[in-house]
Amino acid sequence: GIAQGIGTYAACWVAREVYGADNPKWLRFREWMLTKASDDLRGYYLEHGPAIAENIRHDEPAKDRMRTTMDTILEGA
């Protein structure tokens, strides 16, 4: 429903911060997170994602490290 769609969009704070809202990779990572990630990882991401995104907002080295990890995940997806 509508609430689930909104929740699905909101579930990608970190990916949007890492890739930027204009880069479609954040959508690919969202798809992976929602369909292929473990329940534990998905739960952690949903619980802590907003704080993580806020913490890395102005930390380019941290974003670079996360981007490398996310790219690796997407390459194997």
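Bear in mind the structure is a predicted one, so any value in this text is a computation, not a measurement.
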Distance in Å, [X] [atom1] paired with [Y] [atom2], rounded so as to fall on 0.5 Å steps:
| X | Y | atom1 | atom2 | result |
| --- | --- | --- | --- | --- |
| L34 | R42 | CG | CZ | 6.5 Å |
| W26 | W13 | CH2 | CH2 | 11.0 Å |
| C12 | E31 | SG | CD | 9.5 Å |

Which residues satisfy the salt bridge (charged side-chain N to carboxylate O under 4.0 Å, His left out) test with [X], sequence neighbours excluded?
| X | answer |
| --- | --- |
| D59 | none |
| E60 | K63 |
| E54 | R57 |
| D40 | none |

- Query: Are the side chain of R67 and the backbone of V18 linked by a donor-acceptor contact shorter than 3.5 Å?
  - Reply: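 Pair found, side chain donor or acceptor close to backbone of V18.
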
Could you go through residues 70-77 and list every donor-acceptor pair under 3.5 Å that involves a side-chain atom there, pairing it with any protein atom two or more places apart or in another chain?
residue, atom, partner, partner atom, Å
D71, OD1, Y19, OH, 2.7
D71, OD1, K25, NZ, 3.2
T72, OG1, T68, O, 2.9

- Among pairs that include at least one residue of residues 47-77, which meet ring-ring contact (aromatic ring centres under 6.0 Å, His included), considering only residues two or more places apart or in two chains?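 Counting only pairs at least two positions apart or across chains, the ring-ring contact (aromatic ring centres under 6.0 Å, His included) contacts touching residues 47-77 are Y44-H48.
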
- Test side-chain contact (heavy atoms from CB on, under 4.5 Å) applied to L41 and M33, step by step: CA-CA 8 Å; L41 178 58; M33 179 60 69; 4.2 Å; yes

- Message: Can you give me the closest heavy-atom contact between I56 and A62, atom names plus distance?
- Response: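 Looking at all heavy atoms of both residues, the closest pair is CG2-CB, 3.9 Å.
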
